[in-house]
Amino acid sequence: MWRVRDKSPDGERVRTAELIGALCLATDLGMGFPFEHGLHETLVAMRLAERLGVDRDTASQTFYASLLSHAGCTAEAHVAAEVFGGSMTENFNPLMYGSVREVFTGLLRSLPDEDVAGLARAAQTARRLPRMARATRPALTASCEVAGMLAEQTGAPPGVPGLLSYLTDRWDGHGPLGRGKHEEIPLAMRIVHVATDAALQRHLGGVERAVDLVRERAGHAFDPEVAACLVEGGAGILALDDGASAWDEALAVEPSPPLMLEGDAVDRGLAAMGRFGDLISPSFAGHSTGVATLAADAAGRCRIDAAGAGAIRRAGLVHDLGRVAVYARVWQKQGPLSADESEQVRLHPYHTERCLSRSPFLATLAPVATAHHERLDRSGYHRGSPGAELTMPARLLAAADVFQAMCEPRPHRPAPGPERAAEAVTAEANAGRLDPDAVTAVIEAAGQQAPRLERPAGLTEREAEVVALLARGLQTRQVARELGISAKTADRHVQNAYGKIGVSTRAAATLFAMEHGLVAWGELPIGRPPVRP
């Protein structure tokens with residue numbers, strides 16, 4: 001039984017704020033905010049809470065509600081991509097706490113495409129306005145509901161999901177969903193409203209602009225007392241270092257003792273993060289969970305132990321978190337992608353890595369999670385890693401991702417189904433892009449008949465197995481003992497393999513094996529236990 005190094009220890013305890021903080025980073029990408037903007041909002045909110053002298057429970061609610069305040073951003077992203085051609089973040093968000101006229105102006109500016117002008121711009125606005133009127137309330141409702149559900153699933157304090165239903169409300173009661181006004185809106189959410197606007201206005205125009213707008217909006221969008229606190233302490237409350245990471249500082253302001261996740265709660269939180277990423281397009285619904293389950297089941301067929309399979313499953317749950325950095329319109333496109341759109345797609349594993357790397361716990365999942373589009377022949381992305389650098393968990397996740405995607409519909413094609421998925425991953429293995437053993441394990445885990453796979457240079461299965469063992473440093477006699485064959489037979493396989501590869505030394509055969517995915521650095525050959533001295 002194999003053990004993999006990139007697994008989480010049994011019985012670990014993980015800070016809730018680490019998972020939700022990483023989800024907050026992903027919402028920055030989904031909203032088009034600067035990275036760590038949500039952490040800055042949280043720092044502002046907690047400084048306000050401290051100056052207001054709130055109790056511990058309210059402070060804790062403020063902390064988590066702020067981190068999760070944009071968690072519903074992917075709820076109706078595909079609808080927003082159809083209605084709005086411009087950037088909501090640039091055109092609407094700066095005005096969302098303004099007067100009714102300002103809010104409407106922000107929405108109108110967001111309707112036409114950014115690259116049109118004149119009469120065409122006016123025509124697009126007129127054409128899209130009716131749908132905006134119909135879609136706005138359902139979209140806001142969905143955003144609040146999704147944020148609340150994600151709060152509960154990621155382990156936020158019990159009161160936070162309910163708080164998030166007031167996300168769009170205003171002190172004056174003129175919020176689009178009309179769920180509360182004045183003290184009907186919980187204090188923690190009234191603090192978050194001020195912090196959200198102040199942090200954004202500071203980013204756009206500095207502290208003075210932020211203070212002026214919060215002062216202007218006091219008694220309208222904002223609780224006058226909370227707004228006055230921001231105005232009075234503006235310079236200190238909005239003192240943020242844009243040149244350094246806010247991760248450690250933001251997690252440090254969580255009221256003690258910090259909330260922790262254990263056992264199944266960790267997996268539940270990771271699954272919620274995966275669902276957040278999948279919401280960017282209806283065609284991705286259930287993708288992350290499907291990939292995670294398939295890869296973990298396949299791991300057992302590769303004699304990876306239960307802990308290792310669990311680590312692979314966790315990596316699978318969060319592997320596509322960075323998808324939200326790509327505009328939903330790209331994922332919904334039915335025709336060929338442009339060069340720019342293709343580059344955006346190629347970078348989504350990089351964005352996953354950005355979100356996971358801040359958390360010590362999630363960083364252990366990143367090497368596998370972010371390699372799901374890498375290929376043995378270096379044709380993958382985002383790094384173009386060679387096969388020698390791809391661990392077996394990464395190879396399994398890559399094969400599972402392709403198989404699962406081929407079982408799902410996409411805007412440009414219907415779902416081919418499991419049989420076609422098996423054919424697709426087999427073709428990738430035969431072309432030297434996916435690991436043959438990983439592909440076989442995934443196909444069998446999916447309940448399909450594993451086809452016979454071609455090996456590079458015309459090697460037979462036995463010859464490929466011999467080359468893999470040689471690459472791990474075994475002598476011919478050890479190869480024979482490992483495979484249960486005679487030394488003479490093993491030597492014949494070695495010579496035949498050398499002839500097909502076109503080499504005459506073990507070193508050259510090892511290089512060939514690494515290049516073509518017959519063995520991965522740091523791992524033992526699939527299907528056999530290690531030789532014990």
Side-chain angles (χ1 to χ4, degrees), residues 15 17-51 59 62-71 73 87-98 106 191-217 222 226-227 229-254 321-322 324-327 344 347-348 350-360 362-363 366:
R15 278 191 69 178
E18 281 192 42
L19 263 65
I20 295 181
L23 183 61
C24 181
L25 296 177
T27 64
D28 289 339
L29 299 177
M31 293 288 293
F33 288 142
F35 202 57
E36 294 198 352
H37 179 75
L39 300 183
H40 283 169
E41 285 186 16
T42 302
L43 287 172
V44 173
M46 295 307 290
R47 291 169 184 174
L48 280 170
E50 182 180 12
R51 285 175 176 259
T62 301
F63 177 77
Y64 282 101
S66 183
L67 288 175
L68 288 157
S69 60
H70 300 297
C73 68
S87 169
M88 292 283 284
T89 301
E90 295 177 4
N91 298 313
F92 171 70
N93 284 81
L95 301 176
M96 65 181 292
Y97 290 109
I191 294 172
V192 169
H193 288 158
V194 173
T196 297
D197 197 36
L200 178 60
Q201 302 302 343
R202 174 198 168 278
H203 166 68
L204 294 174
V207 172
E208 186 176 347
R209 168 184 168 138
V211 170
D212 287 345
L213 285 174
V214 169
R215 181 189 293 113
E216 178 184 316
R217 293 167 179 176
F222 303 139
V226 179
C229 182
L230 187 285
V231 170
E232 181 181 346
I237 294 172
L238 294 172
L240 303 166
D241 185 354
D242 295 316
S245 173
W247 178 266
D248 290 337
E249 186 180 0
L251 264 64
V253 299
E254 178 186 8
L321 188 60
V324 300
V326 182
Y327 192 35
Q344 292 181 50
L347 285 175
H348 80 266
Y350 163 70
H351 292 300
T352 296
E353 184 173 42
R354 294 174 71 198
C355 294
L356 299 180
S357 63
R358 296 289 195 274
S359 159
L362 294 175

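Atom set for the values below is all heavy atoms of this structure, side chains included, hydrogens, waters and symmetry mates excluded.
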Asker: Would you compute the distance between atom SG of C24 and atom CH2 of W247 and round it to the nearest 0.5 angstrom?
Answerer: 8.5 Å

Asker: What's the spacing between C355 SG and Y350 OH if we round to 0.5 Å?
Answerer: 10.0 Å

Asker: Taking the six-membered ring where the residue is Trp, are the ring centres of H203 and F33 under 6.0 Å apart?
Answerer: no

Asker: Quick one: does M46's side chain get under 4.5 Å of T42's, heavy atoms only?
Answerer: yes

Asker: So do the side chains of H40 and D242 get within less than 4.5 Å of each other, counting heavy atoms only?
Answerer: yes

Asker: Looking at R217 and L95, what are the two nearest heavy atoms and their distance?
Answerer: NH2-CA, 4.3 Å

Asker: Taking R354 for the side chain and L25 for the main chain, is one N or O donor matched with an acceptor at less than 3.5 Å?
Answerer: no

Asker: Minimum heavy-atom separation for A227 to V194, with atom names?
Answerer: N-CG2, 4.3 Å

Asker: Please list, chain by chain and in numerical order, all residues satisfying side-chain hydrogen bond (donor to acceptor under 3.5 Å, both in side chains) with T352, sequence neighbours excluded.
Answerer: none

Asker: Set out, in order, the CA-CA distance, both residues' side-chain angles and the distance that settles side chain to side chain contact (heavy atoms under 4.5 Å, CB included) for E254 and R15, then state yes or no.
Answerer: CA-CA 11 Å; E254 178 186 8; R15 278 191 69 178; 2.5 Å; yes

Asker: Would you check if L39 and E249 make a side-chain contact, meaning some heavy-atom pair closer than 4.5 Å?
Answerer: no

Asker: Rounded to the nearest 0.5 Å, what separates atom OG in S66 from atom CD1 in I191?
Answerer: 10.0 Å

Asker: Starting at CD of E353, measure out to CG of L321 and round the result to the nearest 0.5 Å.
Answerer: 12.5 Å

Asker: Evaluate the side-chain proximity of T196 to Y97: yes if any heavy-atom separation is below 4.5 Å, no if none is.
Answerer: yes

Asker: One pair to check against side chain to side chain contact (heavy atoms under 4.5 Å, CB included): V44 and L240. What are the steps and the verdict?
Answerer: CA-CA 9 Å; V44 173; L240 303 166; 4.1 Å; yes

Asker: Which heavy atom in S357 sits nearest to a heavy atom in A363, and how many Å separate them?
Answerer: O-CB, 4.0 Å

Asker: Can you name the nearest heavy-atom pair linking T89 to P94, along with the distance?
Answerer: O-CD, 3.3 Å

Asker: Is any side-chain N of the basic residue among E36 and R358 closer than 4.0 Å to the acidic one's carboxylate O?
Answerer: yes

Asker: Show your reasoning for whether side chain to side chain contact (heavy atoms under 4.5 Å, CB included) applies to F222 and L230.
Answerer: CA-CA 11 Å; F222 303 139; L230 187 285; over 6 Å; no

Asker: Measure the spacing between CG of L43 and CG of L48 and express it to the nearest 0.5 Å.
Answerer: 11.0 Å

Asker: Does any part of the side chain of E50, heavy atoms only, come nearer than 4.5 Å to the side chain of V253, both counted from C-beta?
Answerer: no

Asker: With side-chain hydrogen bond (donor to acceptor under 3.5 Å, both in side chains) as the test, would you mind laying out the steps for E41 and H37 before giving the verdict?
Answerer: CA-CA 6 Å; E41 285 186 16; H37 179 75; 3.3 Å; yes

Asker: How close do R215 and D212 get, counting heavy atoms only, and between which atoms?
Answerer: NH1-OD1, 3.0 Å

Asker: Quick one: closest heavy-atom pair of D28 and G38, and the distance?
Answerer: OD1-N, 3.0 Å

Asker: Assess whether side chain to side chain contact (heavy atoms under 4.5 Å, CB included) is satisfied between V324 and C73, documenting all intermediate values.
Answerer: CA-CA 9 Å; V324 300; C73 68; 5.9 Å; no

Asker: Would you find a donor on one side and an acceptor on the other, under 3.5 Å apart, between the side chain of R202 and the backbone of L238?
Answerer: yes

